[in-house]
*Asks:* 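First the structure, then my questions, so here it is.
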Amino acid sequence: MSEQSASVRRRSAVGAATQLGTEISINLGSALAGLVIPIVGAFVVVAVRQLVMAAVVLPFYRPRRAELTWQRLWPAIALGVVLAVMNLSFYQAVHLLGLGVAATIEFLGPLALALVMSRRIIDVICALAAAFGVFLLTGFDGRVDGWGVALALTAAASWAAYIVLTRRVALRLPGLEGLTVAGIVSLVLLLPVALVTLDVSALDGPVILLLLGVGVLSSALPYSLDTVILRRITPRLYAIITSFGPVVAAVFGVLVLHERFTPLEVIAIAVVCLSAGIAIATQRQRPHTDLEYTAETIP
């Protein structure tokens with residue numbers, strides 16, 4: 001039994017370390033997006049990300065013509081629309097607000113969705129604390145761009161919609177089919193605008209490498225690792241690690257984008273992350289809580 005317990009602990013430690021790696025990957029990708037958006041625009045960056053995602057999942061998608069019906073695929077099509085809006089609004093918010101602030105506001109979406117049906121007092125307190133943390137980020141000194149806040153809130157609402165639609169898609173479509181259809185729809189929506197707005201003269205070697213880096217770090221690598229992670233750690237541990245994503249985002253905002261945070265902003269980001277972490281860690285032992293499911297559906 002002791003050997004078995006030690007094996008479980010080792011697997012859990014490897015899974016947790018890998019999950020931390022995906023958080024680093026996603027937020028480093030977002031930081032690289034912050035570097036390249038001023039050069040080529042958010043539409044191009046998101047379109048490249050969706051191209052990379054399509055390249056990862058399309059080889060596993062072999063649909064039959066009889067299955068390509070509106071009745072069967074509409075949730076995945078809706079998911080593709082939401083995916084496009086979510087990524088585009090988030091990256092533009094990163095451009096206007098900085099990565100740390102944008103990621104913190106965006107996290108309100110899944111947190112609110114996970115807590116909205118809760119009847120526990122502690123969850124209500126955590127939700128109010130998280131909202132207060134975001135208010136601290138945006139409500140006092142007038143430095144925060146209002147349009148950027150609106151875009152970050154749009155990304156938050158889109159993330160919540162993404163989770164709801166992902167549940168429906170997972171029940172209706174097998175394997176990666178739903179994600180593949182959603183990725184194709186998102187790409188079809190974004191690519192024409194990206195091509196129209198693209199300044200070809202801006203595409204030198206470093207810019208192309210940055211774009212590919214965003215795609216690999218934000219899509220290909222996390223999607224590939226998630227299947228490994230969730231076999232090794234509990235959904236709750238996955239969710240707790242994910243809830244501290246805004247802190248990781250803030251770190252890369254400083255390191256890559258040279259962002260600077262006031263003490264009040266640091267406190268605000270910490271309040272949001274701690275609120276989410278406490279809400280998740282105090283959930284009863286169940287196979288899946290809403291918060292745990294939220295953590296498994298990272299876009």
Side-chain angles (χ1 to χ4, degrees), residues 19-58 80 82-107 148 151-152 154-155 158-159 162 179-180 182-226 242 245-246 248-259 297-299:
Q19 167 61 6
L20 181 59
T22 66
E23 287 298 317
I24 292 171
S25 177
I26 290 169
N27 286 292
L28 177 56
S30 295
L32 296 182
L35 291 176
V36 77
I37 284 172
I39 302 172
V40 298
F43 275 98
V44 174
V45 175
V46 180
V48 170
R49 175 176 170 172
Q50 295 308 112
L51 273 172
V52 172
M53 188 180 80
V56 171
V57 298
L58 271 176
V82 167
L83 194 61
V85 173
M86 178 178 64
N87 287 327
L88 186 61
S89 57
F90 176 67
Y91 281 154
Q92 192 60 38
V94 169
H95 177 55
L96 295 174
L97 299 177
L99 178 56
V101 174
T104 303
I105 296 174
E106 187 197 31
F107 195 72
L151 287 167
T154 300
S158 299
W159 193 353
Y162 174 92
L179 180 62
T180 304
I184 293 171
V185 170
S186 178
L187 184 59
V188 168
L189 291 174
L190 293 166
L191 193 57
V193 182
L195 292 174
V196 169
T197 59
L198 175 62
D199 179 5
V200 179
S201 64
L203 293 179
D204 56 16
V207 169
I208 292 173
L209 288 176
L210 281 173
L211 288 170
L212 291 176
V214 171
V216 171
L217 292 170
S218 297
S219 293
L221 189 59
Y223 288 140
S224 301
L225 290 177
D226 270 354
T242 300
V248 180
V251 169
F252 279 113
V254 172
L255 295 178
V256 178
L257 301 176
H258 307 296
E259 297 173 3
T297 51
I298 301 301

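Owing to the predicted nature of the structure, the values given are computational and were not obtained by experimental measurement.
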*Asks:* So, using side chain to side chain contact (heavy atoms under 4.5 Å, CB included) as the criterion, who are the partners of Ala152 when residues are at least two apart?
*Replies:*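 Partners of Ala152 by the side chain to side chain contact (heavy atoms under 4.5 Å, CB included) criterion, ordered by chain and then number, come out as Ala93, Leu97, Ile105.
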*Asks:* Go through the structure and list residues passing side chain to side chain donor-acceptor pair (under 3.5 Å) with Asp204, not counting sequence neighbours.
*Replies:*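 Per chain and number, Asp204 pairs via side chain to side chain donor-acceptor pair (under 3.5 Å) with no residue.
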*Asks:* Using side chain to side chain contact (heavy atoms under 4.5 Å, CB included) as the criterion, list what pairs up with Leu189, not counting sequence neighbours.
*Replies:*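 Expected list: Val81, Ala84, Val185.
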*Asks:* Given 3.5 Å as the limit, does a donor-acceptor pair link the side chain of Ser219 with the main chain of Val216, or not?
*Replies:* no
*Asks:* On a heavy-atom basis, which atom in Asn27 and which in Ala249 lie closest, and how many Å separate them?
*Replies:*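 Minimum heavy-atom contact is OD1-CB, 3.2 Å.
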*Asks:* State which residues pass side chain to side chain contact (heavy atoms under 4.5 Å, CB included) with Ile208; sequence neighbours excluded, sorted by chain then number.
*Replies:* Leu203, Leu212
*Asks:* With distance as the sole test, does Ser25 use its side chain to make a donor-acceptor pair with the main-chain N or O of Leu217 at under 3.5 Å?
*Replies:* yes
*Asks:* Identify every side-chain donor-acceptor pair in residues 190-200 under 3.5 Å, counting partners at least two apart or on other chains, and give the distances.
*Replies:*
from, atom 1, to, atom 2, distance (Å)
Thr197, OG1, Val193, O, 2.8
Thr197, OG1, Ala194, O, 3.3
Asp199, OD1, Ser201, N, 3.2
Asp199, OD1, Ser201, OG, 2.6
Asp199, OD2, Ser201, OG, 3.2

*Asks:* Quick one: which residue pairs count as a side-chain hydrogen bond (donor to acceptor under 3.5 Å, both in side chains) with a foot in residues 29-38, not counting sequence neighbours?
*Replies:*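 Checked against side-chain hydrogen bond (donor to acceptor under 3.5 Å, both in side chains) - neighbours excluded - no pair reaches residues 29-38.
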*Asks:* Quick one: which residue pairs count as a side-chain hydrogen bond (donor to acceptor under 3.5 Å, both in side chains) with a foot in residues 184-194, not counting sequence neighbours?
*Replies:*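 side-chain hydrogen bond (donor to acceptor under 3.5 Å, both in side chains) check on residues 184-194 returns Gln50-Ser186.
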*Asks:* Determine yes or no for a side-chain-to-main-chain donor-acceptor pair under 3.5 angstrom, with Glu259 supplying the side chain and Leu99 the backbone.
*Replies:* yes
*Asks:* Only one of Val45, Val48, Leu210 clears side-chain contact (heavy atoms from CB on, under 4.5 Å) with Val40; which?
*Replies:* Val45
